[in-house]
There are 2 protein chains.
Amino acid sequence: MELRQLRYFIKAKELLNFTEAAAQLFISQSTLSQQIKQLEDELGTPLFNRVGKHIYLTEAGDLFYKYALQCVKKAYDGYQVLKDLGNLEIGNLMIGTTYGLRHILSPAILAFHQQHPQITIDVVFGTSKELTDRLSKFELDFVLTFEEVTHNQNMKYQPLFSSELSLIACKGSPLAEKKSVALQDIQHLPLALPAKGFSTRKFVDEVFEKHHLTPQVNLETNDIPTLLELVGTGYWNTILAQTTVSNQKNLVSIPIRSLKTLQQAAIVSLHDVYEKQAVKAFFDVLLHLDLNELH
Amino acid sequence: MELRQLRYFIKAKELLNFTEAAAQLFISQSTLSQQIKQLEDELGTPLFNRVGKHIYLTEAGDLFYKYALQCVKKAYDGYQVLKDLGNLEIGNLMIGTTYGLRHILSPAILAFHQQHPQITIDVVFGTSKELTDRLSKFELDFVLTFEEVTHNQNMKYQPLFSSELSLIACKGSPLAEKKSVALQDIQHLPLALPAKGFSTRKFVDEVFEKHHLTPQVNLETNDIPTLLELVGTGYWNTILAQTTVSNQKNLVSIPIRSLKTLQQAAIVSLHDVYEKQAVKAFFDVLLHLDLNELH
DNA sequence: AGCTGTTATCGGTTTTATCGATTGATGTTA
DNA sequence: TAACATCAATCGATAAAACCGATAACAGCT
C-alpha cells in the first residue's frame, strides 16, 4: 500500500469512472486500473464492483475510503507543517461561506490581506450542506455559516455573532413601515426563500413547523443576490438573518415576533487536522473584528 | 512522498541510527539513506542533522514525525477494517498492563479466549508510563492501569473499579493483626516500593507529600513479584492497591487511614483510532466481569 | 447489428527502488 | 598518534515496478 495508490483510489471513488479519474491524475487508464487492482489484491477484497460499463463502491471500498482520505490528509498536513515552519507568509486559504455571512467576510479578507499580502484566497459560496461536505473532503480550510447544521463531533464551532431572523421587504412596500410582524402575518405573504440546503431555510421551516403554520413559498432559489433582487421588485418578501441585508439600501428588515428566531453565526472547521498558520491568522482577524461597526 | 518513505523515516527516527534501522527494515543502509534524502528533498528541509557518526532529529523532523506516524497508522487502520470485515475471528491483541491489574486480566483473557480461540494475545507488563508511551506509538491496543497517569486528551478512559491504597505486610508480622494503620505509623516502617514510573508509586508519593511526611523507602524495584517476595520475608512492607494482593496467601493488606487513597483502575486506549473487533470484544469481556467475584 | 464508452489485459519501455562496494568522516582503542 | 571500528553518503549496476499504448472484452444505446 502506497500513498500513490490511495490517491488514485480516492479520485476513482469520487468520480466513479476510471477513465476520467486517470485523466485528472495525469496517468493512463491502464495504470489506474492496474494500481487499483494491486491495492485490492493487497487488501484482499475488491473496492469496486464492476458491472458492465459502470463501477460502484463495494462495502469494503466505502469503509476504506475514510481511512484513505485521512491517511493522505495526514501526509499533506505533515508537508504543510514544514512549509509553515519555513516561511509563514506563503500559502493559500480555501474559505467556504454562505451568503448571509459575506458582510463579515469582506472586511476580514481586506484586513487579512493587508497583513499577509502573499497569501492567495479562494472564496467558495454555497449552502451549508455543500460547504460542510467539501470541508469533510478537506477541500476547504473552514466554513462560515449559521450553525444550524447538525452538530458534528468532527467539527469545531467558533461562534461569531447572532442574528435575528427577519422579514425582508422592499422599501416602498406597505410593510416597510412596521416595527415588527407576527409569524401569523407572514404566512399569507408571497415568499421567495433560499432553497433547501441553506441553513437559514432549514431554520425558517423549523420555526413555522413549530408554530403549526405553513408559509406560502412561491419561489425558491439557491442564489441569494437573485433573491434580494426579487424582493427589491416589491412582489415578494423573504426571510433572512437581519445582518444579511444590513448593507442593502433598497431593502428593510423587520423583526419577527416569535420565540427562538436567533441564529448563531460561526466558523466551522475540522478537529484533528493541522491548522495552517494562515488559517490561525484568519481566525484571529475574524474573531477580533468589531462586529458592531458592521451592523 | 510515499508510505514506504514514512515507514523508513519513523524507524530511523526511533533508532537514530540508519544502519540499524535499515537492518530492521530489511533493506540496505544505502537504500535507507537515499530514501530519507529523497523525502527531505521533497519536503524542502532536512529531517535529520548529521554530525559525525551520529544523527539527530531537526526541529522539522520532530514536527514531521507525528504526522508520519498518524499517516501510516491511518493506512494500517484502513487495512485492519477490511480484515475485520471479512473474518472477525482472526487477528491479535496487544495488551499492556501494570502488575496491579493482572488479577482482572487473567480471567478476562480466559473468557475471551473461550469465545475467540483464534485470536492471539500478547500481554506486556510495564509501568504506566512505559505502556502509555507504547500506546501512543500504536504498539499496543490498550493499557490497563490505575489512571493516575496525566489525563491526556488523545486517550480514552473506561473505568473498571476502584481500590484502596493499602499497607501490605507479611502474615506473621505484628502489623498483620491490625484493622487499619495511620499514615504516620507507616513513615517509620522500612518500605520496599515500586520504582518511579509506576502510577501507584506516583500516587503514594503524592499522598505522603500532601501530608508533609517522608516515608523510609529502603528499596525500589520495577518488578512487582519480586517486591511481594521481599515483603513475604517480613523484613519490608510495601504500599499497593488492595486488589493487587487479593490472591496472595502469605500476605495481608491493611487499610490506611488517610484521605483520598482511592485509585481508579481503567482501560486506557486512544481516541480517533480504529477499534478492532477483537478490541471491542475484549472491552466487553472486561467491563462485564463480575469484579466482586474476584476480590 | 453496429456504435460508443467503459474496464481489463498484454507486451514493451521507462523510471526508480534497491543493492554491494567504496569513500569519507569521526569517534575509540592500543 | 596511529590503527581500527563505526557510521552515513555516494556511485554504478541491477532488479522491480510503475507506466504506457494497443487491444480485447463487455455492456448499454441507437
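Protein chains get the first letters and strands the later ones, always in sequence-line order, with residue 1 at the start of each.
- Defined by atom type and a distance below 3.5 Å, a donor-acceptor pair is present between the side-chain atoms of A:S28 and A:T31.
- One interatomic measurement links the two molecules: CD1 of A:I55 to P of D:dC26, which rounds to 18 Å at whole-angstrom precision.
- The closest side-chain heavy-atom distance from B:Y76 to A:M1 is not below 4.5 Å.
- Ring geometry for B:F112 versus B:F282: interplanar angle of 30 to 60°, hence tilted.
- Shown for residues 15-25 of chain A: residues whose heavy atoms fall under 4.0 angstrom of DNA chain C, namely A:N17, A:F18, A:T19.
- Listed for the A:E2 side chain is no donor-acceptor partner under 3.5 Å among the backbone atoms of B:E2.
- Protein atom CG of A:L3 is 13 Å distant from nucleotide atom P of D:dA18, rounded to whole Å.
- One finds a salt bridge joining B:D141 and B:K276 here, because a Lys/Arg side-chain nitrogen approaches an Asp/Glu carboxylate oxygen to under 4.0 Å.
- Rounded to whole Å, the distance from CG on B:D41 to P on D:dT10 is 10 Å.
- When side chains are defined from C-beta on, B:D84 counts as touching B:Y274, because their heavy atoms get closer than 4.5 Å.
- Counting to the nearest Å, the C1' atom of C:dA8 and the CZ atom of A:F48 are 15 Å from each other.
- Across B:Y56, B:Y8, B:F9, a single residue satisfies ring pair (Phe, Tyr, Trp, His ring centres under 6.0 Å) together with B:F48, and that is B:F9.
- Look at A:R50 and you'll find a side-chain N or O under 4.0 angstrom from OP1 or OP2 of C:dA8.
- By the 6.0 Å and 45° rule, A:K13 stacks over the aromatic ring of A:Y65.
- For the pair A:I95/A:L140, no side-chain contact is recorded, criterion being any heavy-atom separation below 4.5 Å from C-beta on.
- Counting only heavy atoms from C-beta outward, the side chains of A:L93 and A:T120 never approach each other to under 4.5 Å.
- Taking atom CD of residue A:E40 and atom P of nucleotide C:dT9, one finds them 11 Å apart after rounding to whole Å.
- The side chain to side chain donor-acceptor pair (under 3.5 Å) test with B:K129 is passed by exactly one of B:T127, B:D133, B:T132: B:D133.
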Kindly give the atom pairs (protein nitrogen or oxygen, nucleotide nitrogen or oxygen) under 3.5 Å for nucleotides 15-19 of chain C.
residue	atom	partner	partner atom	Å
C:dA17	OP2	B:Q35	NE2	3.4
C:dA17	OP2	B:Q38	OE1	2.9
C:dA17	OP2	B:Q38	NE2	3.0
C:dT18	OP1	B:Y8	OH	2.9
C:dT18	OP2	B:Y8	OH	3.4
C:dC19	OP2	B:S28	N	2.4
C:dC19	OP2	B:S28	OG	3.1
C:dC19	OP2	B:T31	OG1	2.9
C:dC19	N4	B:S30	OG	3.3
C:dC19	N4	B:Q34	NE2	2.9

Measure all distances between protein nitrogen or oxygen atoms and nitrogen or oxygen atoms of nucleotides 28-30 of chain D, and list the pairs falling under 3.5 Å.
none

